[in-house]
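This report concerns only the one structure given below.
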Amino acid sequence: MKRLHIVLFSISILFLASCKKEVEKPKVIYDATNKAKGVTKVDSAQVSIADLPIQMEGTNYLIHPIADLRVYERGTKSRYGSSSVIDLSFTISNYGENEITGYLQNIKFQKIGSDSIRPLTDKPALIQTATYLKSVSDRAGKQVMVYTMYDVDTNRDGKLDSSDIKALYLSDISGDRFTKVSADLQELIDWSLIESTNRLYFRTVEDTNKNGQFDKNDVLHYNYIDLSNSEWKVASYMPI
């Protein structure tokens with residue numbers, strides 16, 4: 001009987017440990033004013049590199065993706081035992097269908113015929129996608145870039161990564177007018193372009209119960225921007 005109790009106790013410990021691991025970390029940690037702090041230090045030990053420049057079709061600008069050098073450690077086995085090998089990846093982004101993907105610290109812009117290269121932002125950022133809306137350029141003559149990115153250390157772990165809140169930004173093809181269009185502390189769910197109306201639609205979710213997570217008890221926001229206008233004004237709509 002004593003042995004049975006020990007076994008049951010061990011199973012209980014393992015079950016509790018498993019449950020503890022499954023608990024998700026909050027995406028937002030609030031202070032006394034219910035605002036997430038956005039101060040993030042840049043790791044000086046990292047080495048930034050750039051991919052070769054990209055020119056979106058029909059534009060007069062080169063785009064330079066910037067990110068940290070990727071270092072991988074992989075284990076190898078031999079007759080003398082195991083060892084580790086350090087691999088370096090000098091490719092930091094992928095390009096296709098007028099979109100750059102990766103985990104970029106910045107993007108720099110260079111006008112054709114100029115030696116001047118300017119950054120998109122001077123603040124810490126982690127850019128996941130940068131998309132050129134070519135159809136808007138063709139229809140409305142507006143050369144617009146759309147970015148999904150992380151701009152605030154909302155969970156206060158000292159770094160920007162996918163555990164933080166994702167935001168939506170716009171800029172001109174030159175990198176000018178870099179503007180956040182999703183609301184602070186609202187997680188971007190997705191975005192879509194309706195080409196016939198030049199409208200950019202996007203959804204966000206707000207942590208209305210302030211529990212640090214996004215769940216079924218929170219509120220979804222539906223928004224759009226008319227990109228044919230000179231000003232990027234966010235309008236709300238209610239489909240449900």
Checklist entry - Going by the ring pair (Phe, Tyr, Trp, His ring centres under 6.0 Å) test, which pairs reach into residues 168-190, not counting sequence neighbours? => result Tyr147-Phe178, Tyr169-Phe178
Item to check | Minimum heavy-atom distance Ala130-Ile107, with the two atoms named | outcome: CB-CD1, 3.6 Å
Item to check | Residue pair Asp164, Val152: steps toward the side-chain contact (heavy atoms from CB on, under 4.5 Å) verdict | outcome: CA-CA 7 Å; Asp164 295 309; Val152 179; over 6 Å; no
Item to check | Sequence neighbours excluded - salt bridge (charged side-chain N to carboxylate O under 4.0 Å, His left out) pairs with any residue from residues 184-195 | outcome: Lys27-Glu187, Lys180-Asp184, Asp190-Arg203
Item to check | Spacing of Ser48 atom OG and Ile66 atom CD1 [to the nearest 0.5 Å] | outcome: 7.5 Å
Next on the checklist: Any heavy-atom pair between the side chains of Phe90 and Leu69 that's under 4.5 Å?
Outcome noted: yes
Next on the checklist: Checking Asp51 now: which residues fulfil side chain to side chain donor-acceptor pair (under 3.5 Å) with it, not counting sequence neighbours?
Outcome noted: Ser93
Checklist entry - Within a strict 4.5 Å, meaning less than it, do heavy atoms of the Gln213 and Pro26 side chains meet? => result yes
Next on the checklist: Could you work out, with ring pair (Phe, Tyr, Trp, His ring centres under 6.0 Å) as the rule, every residue matching Phe202, not counting sequence neighbours?
Outcome noted: none
Item to check | Ile173 vs Ile63, side-chain contact (heavy atoms from CB on, under 4.5 Å): CA-CA, chis, key distance, verdict | outcome: CA-CA 9 Å; Ile173 189 60; Ile63 298 176; 4.3 Å; yes
Item to check | Leu104 reachable from Tyr95 in the ILVMFWY side-chain graph, under 4.5 Å edges | outcome: yes
Checklist entry - Mind checking whether Leu168 and Val144 sit in one hydrophobic cluster, side chains of I, L, V, M, F, W, Y counted as touching below 4.5 Å? => result yes
Item to check | Heavy-atom check, side chain of Asn155 versus side chain of Val28, under 4.5 Å | outcome: no
Item to check | Polar contact flag, side-chain donor to acceptor under 3.5 angstrom, Thr204-Ser182 | outcome: no
Next on the checklist: The criterion is side chain to side chain donor-acceptor pair (under 3.5 Å); which residues satisfy it with Ser228, sequence neighbours excluded?
Outcome noted: Asp226
Checklist entry - Out of Leu133, Leu193, Val136, which one pairs with Val146 under the side-chain contact (heavy atoms from CB on, under 4.5 Å) rule? => result Leu133
Item to check | Inter- and intrachain pairs under salt bridge (charged side-chain N to carboxylate O under 4.0 Å, His left out), touching residues 127-139, at least two apart | outcome: Lys134-Asp138
Checklist entry - With a 4.5 Å heavy-atom cut-off, do Leu185 and Asp207 have their side chains touching? => result no
Next on the checklist: Run Asp151 and Leu160 through side-chain contact (heavy atoms from CB on, under 4.5 Å) and show every step you take.
Outcome noted: CA-CA 7 Å; Asp151 62 340; Leu160 289 176; 5.8 Å; no
Checklist entry - Are more than 12 heavy atoms from other residues, nucleotides or ligands located less than 6.0 Å from atom NZ of Lys111? => result no
Side-chain donor-acceptor pairs of residues 52-60 under 3.5 Å, sequence neighbours excluded:
{"residue": "Gln55", "atom": "NE2", "partner": "Thr59", "partner atom": "O", "Å": "2.8"}
{"residue": "Thr59", "atom": "OG1", "partner": "Met56", "partner atom": "O", "Å": "2.7"}

Checklist entry - Do Leu188 and Thr148 have side-chain heavy atoms sitting under 4.5 Å apart? => result yes
Checklist outcome for this item: Across all chains, not counting sequence neighbours, the side chain to side chain contact (heavy atoms under 4.5 Å, CB included) partners of Thr208 are Glu206, Asp218, Val219
Item to check | Atom pair CG (Leu220) and CD1 (Ile240), whose distance is rounded to the nearest 0.5 Å | outcome: 7.0 Å
Checklist outcome for this item: So the ring pair (Phe, Tyr, Trp, His ring centres under 6.0 Å) pairs with at least one residue in residues 100-131 (sequence neighbours excluded) are none
Checklist entry - So how far is it from Asn106 CG to Asp122 CG, rounded to the nearest 0.5 Å? => result 8.5 Å
Side-chain donor-acceptor pairs under 3.5 Å in residues 112-121, sequence neighbours left out?
{"residue": "Ser114", "atom": "OG", "partner": "Ser116", "partner atom": "N", "Å": "3.1"}
{"residue": "Arg118", "atom": "NH1", "partner": "Ser174", "partner atom": "O", "Å": "3.2"}
{"residue": "Arg118", "atom": "NH1", "partner": "Gly175", "partner atom": "O", "Å": "3.4"}
{"residue": "Arg118", "atom": "NH1", "partner": "Asp176", "partner atom": "OD1", "Å": "3.3"}
{"residue": "Thr121", "atom": "OG1", "partner": "Lys123", "partner atom": "N", "Å": "3.1"}

Item to check | Spacing of CG belonging to Leu227 relative to OG belonging to Ser135, to within rounding of 0.5 Å | outcome: 9.0 Å
Checklist outcome for this item: CG of Asn94 to CD of Glu99, rounded to nearest 0.5 Å, is 10.5 Å
Next on the checklist: For residues 216-240, which residue pairs pass the ring pair (Phe, Tyr, Trp, His ring centres under 6.0 Å) check, not counting sequence neighbours?
Outcome noted: Tyr201-Tyr224, Tyr201-Tyr237, Tyr222-Tyr237
Checklist entry - Can you find a pair of side-chain heavy atoms, one from Ile49 and one from Ile92, that are under 4.5 Å apart? => result yes
Item to check | In one Ile/Leu/Val/Met/Phe/Trp/Tyr side-chain cluster, 4.5 Å: Met149, Met145 | outcome: yes
Checklist entry - Do any N or O atoms from the side chain of Gln128 and from the backbone of Thr101 form a donor-acceptor pair under 3.5 angstrom? => result no
Item to check | Full working for side-chain contact (heavy atoms from CB on, under 4.5 Å) between Ile225 and Val181 | outcome: CA-CA 9 Å; Ile225 301 172; Val181 294; 3.7 Å; yes
Checklist entry - When rounded to the nearest 0.5 angstrom, what distance separates OG in Ser162 from CG in Leu126? => result 8.0 Å
Checklist entry - So, Asn229 side chain and Lys233 main chain: donor-acceptor pair closer than 3.5 Å or not? => result no
Checklist outcome for this item: Residue set satisfying salt bridge (Lys or Arg N to Asp or Glu O under 4.0 Å) with Lys166, at least two apart, ordered chain then number -> none
